[in-house]
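Worksheet for the structure shown next.
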Amino acid sequence: QKGFYTRIDSSTLGCYDAVQDGGISLESKIPPPLQEGFLWDFAEVFRGSGHLSQGHREAGLSVHPGFDISDGEVGDVLAASTFLSIIGLICRRVVRVWHVAPVRTTFGTLRRPRLRSKLEPFGFNPCEPATSLGNRFAIRGGFILFLCHFYGLICSIEQPRGSVMYRLDIYQMILQFGFFSVTFPFCSWGTPFQKLSWWLGNNPFLCKLRSSCSCGQKGAHFRVQGTFDSKRLRQFSRLCKPSANAVFDRSPQLGEHVARFSGAYPKPLCAFIAKQNRLRILQSDDLEHRSPVRPFSRP
């Protein structure tokens with residue numbers, strides 16, 4: 001957004017026209033102030049499979065294309081141009097709800113050897129390339145939450161339960177803002193594996209997600225390790241409730257890594273989260289309608 005000005009012709013001919021009442025064209029009108037309002041209801045950073053965006057779209061909400069590293073330069077959150085685009089969308093307040101899921105490079109429990117711990121979440125050696133990359137993703141994700149909080153937007157972030165990312169100072173400060181902390185297993189949403197998920201958000205309706213394993217397979221869940229062979233593929237498909245297509249929108253491929261396939265959010269979970277965000281949006285609209293009109297001011 002930029003300012004608007006009327007150009008004054010200071011040439012000799014312009015002075016003559018001004019005397020003859022022709023110096024300023026009456027057809028040139030200053031445009032009215034730009035009032036965009038909300039253009040999208042939901043946007044996802046580190047989009048991944050896109051199941052969460054699709055769930056919001058199916059709930060009748062308008063969804064921004066989102067950002068993901070697989071999109072190349074336009075989706076790389078570490079690129080200055082991409083990150084400034086995200087900051088611009090937040091500061092203009094054109095997206096109501098944001099969700100962030102930073103790449104779990106070294107914060108989870110699957111990485112061996114471990115590069116972090118609960119006491120050293122920033123890394124044993126922050127200058128080590130993989131550790132440094134993970135820190136950059138984590139800090140940018142936290143900064144997005146900071147901006148959303150101060151601009152009055154709904155936001156959430158997700159990590160595996162074993163991640164130490166939320167122990168970083170930036171997330172400890174975010175928790176002091178009143179963000180809700182919720183953990184729940186994916187097996188409650190039809191997956192054969194338990195996979196505990198940990199969410200922070202400022203939408204109180206997401207607290208409904210808080211739960212423990214209730215799938216009936218406690219202690220005998222499908223293990224997230226290795227690849228899918230024919231035997232494990234049959235076992236996986238049998239344990240998906242109601243089916244792999246209903247939960248993940250597709251079936252695993254032979255030889256596909258289990259950890260990679262399990263990274264997608266279950267579709268029933270996404271539909272539930274979209275419903276809770278929609279309720280929060282409607283609640284926010286009601287509060288805005290009851291709030292007093294902003295008093296007139298002059299810059």
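Because the structure is predicted, anything quoted here is derived from the model rather than measured.
- Under the 3.5 Å distance criterion, the side-chain polar atoms of Gln159 are matched with a main-chain donor or acceptor of Pro102.
- Shown here are the side-chain contact (heavy atoms from CB on, under 4.5 Å) partners of Ile87, two or more places apart in sequence or in another chain: Phe83, Leu84, Cys91, Phe143, Leu147.
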When you look at Val95 and Phe42, which way does the side-chain contact (heavy atoms from CB on, under 4.5 Å) test go after all the steps?
CA-CA 6 Å; Val95 181; Phe42 180 78; 5.7 Å; no
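- Within the structure, the salt bridge (charged side-chain N to carboxylate O under 4.0 Å, His left out) test picks out the following pairs touching residues 267-279 (sequence neighbours left out): Asp249-Lys267.
- Side-chain atoms of Leu209 and Phe272, non-hydrogen and from C-beta on, do get closer than 4.5 Å to each other.
- At least one donor-acceptor pair closer than 3.5 Å links the side chain of Ser262 to the backbone N or O of Val258.
- Looking at His64, Glu44, His99, Glu58 one by one, the single match for side-chain hydrogen bond (donor to acceptor under 3.5 Å, both in side chains) with Ser53 turns out to be Glu44.
- Formation of a donor-acceptor pair under 3.5 Å by the Ser85 side chain with backbone atoms of Ser81 is found in this model.
- Summarising the hydrophobic clusters (Ile, Leu, Val, Met, Phe, Trp, Tyr; side-chain heavy atoms under 4.5 Å, direct or chained), the residues clustered with Val74 are none.
- With sequence neighbours excluded, the residues that form a salt bridge (Lys or Arg N to Asp or Glu O under 4.0 Å) with Asp41 are Arg96.
- Here the side chain of Thr82 pairs a donor or acceptor atom with the backbone of Glu73 at under 3.5 angstrom.
- Other residues sharing the hydrophobic cluster of Leu279, ordered by chain and number and joined by side-chain separations under 4.5 Å: Phe205.
- Applying the salt bridge (Lys or Arg N to Asp or Glu O under 4.0 Å) criterion to Asp71, with sequence neighbours excluded, gives Arg47.
- Taking every heavy atom of both residues into account, Gly108 and Arg114 meet most closely at O-NE, 3.5 Å.
- Here Lys241 pairs with nothing under the salt bridge (Lys or Arg N to Asp or Glu O under 4.0 Å) rule; sequence neighbours left out.
- The side-chain contact (heavy atoms from CB on, under 4.5 Å) search around Ser197 returns Glu158, Phe184, Phe186, Trp199, not counting sequence neighbours.
- Ser70 and Asp68 form a side-chain donor-acceptor contact under 3.5 Å, judged by distance and modelled atom types alone.
- For Gln176, there are no side-chain contact (heavy atoms from CB on, under 4.5 Å) partners, not counting sequence neighbours.
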Run the side-chain donor-acceptor check on residues 128-142: report pairs under 3.5 Å with partners two or more places apart or on a different chain.
{"unit_1": "Glu128", "atom_1": "OE1", "unit_2": "Ala130", "atom_2": "N", "d": "3.3"}
{"unit_1": "Glu128", "atom_1": "OE1", "unit_2": "Thr131", "atom_2": "N", "d": "2.8"}
{"unit_1": "Glu128", "atom_1": "OE1", "unit_2": "Thr131", "atom_2": "OG1", "d": "2.7"}
{"unit_1": "Glu128", "atom_1": "OE2", "unit_2": "Ala130", "atom_2": "N", "d": "3.3"}
{"unit_1": "Asn135", "atom_1": "OD1", "unit_2": "Arg116", "atom_2": "NH1", "d": "2.7"}
{"unit_1": "Asn135", "atom_1": "OD1", "unit_2": "Arg116", "atom_2": "NH2", "d": "3.1"}
{"unit_1": "Asn135", "atom_1": "ND2", "unit_2": "Phe122", "atom_2": "O", "d": "3.0"}
{"unit_1": "Asn135", "atom_1": "ND2", "unit_2": "Thr131", "atom_2": "O", "d": "3.4"}
{"unit_1": "Arg140", "atom_1": "NH1", "unit_2": "Val77", "atom_2": "O", "d": "2.8"}

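- For Glu256, the salt bridge (Lys or Arg N to Asp or Glu O under 4.0 Å) partners at least two apart in sequence or on another chain are Arg250.
- Side-chain contact check for Arg57 and Gln54: at least one donor-acceptor pair (N or O, by modelled atom type) lies under 3.5 Å.
- Within the structure, salt bridge (charged side-chain N to carboxylate O under 4.0 Å, His left out) pairs that include any residue of residues 221-236 do not occur (at least two apart or interchain).
- Under a hydrophobic clustering in which Ile, Leu, Val, Met, Phe, Trp and Tyr are joined whenever their side-chain heavy atoms come within less than 4.5 Å, directly or via other members, Leu168 and Met173 fall into the same cluster.
- The minimum heavy-atom distance linking Leu175 with Ser181 is given by the pair CD2-CB, 4.5 Å.
- A distance of 11.5 Å separates CD in Gln235 from OG in Ser230, rounded to the nearest 0.5 Å.
- Applying side-chain contact (heavy atoms from CB on, under 4.5 Å) to Cys155 and the options Val45, Val100, Asn202 leaves one that passes, Asn202.
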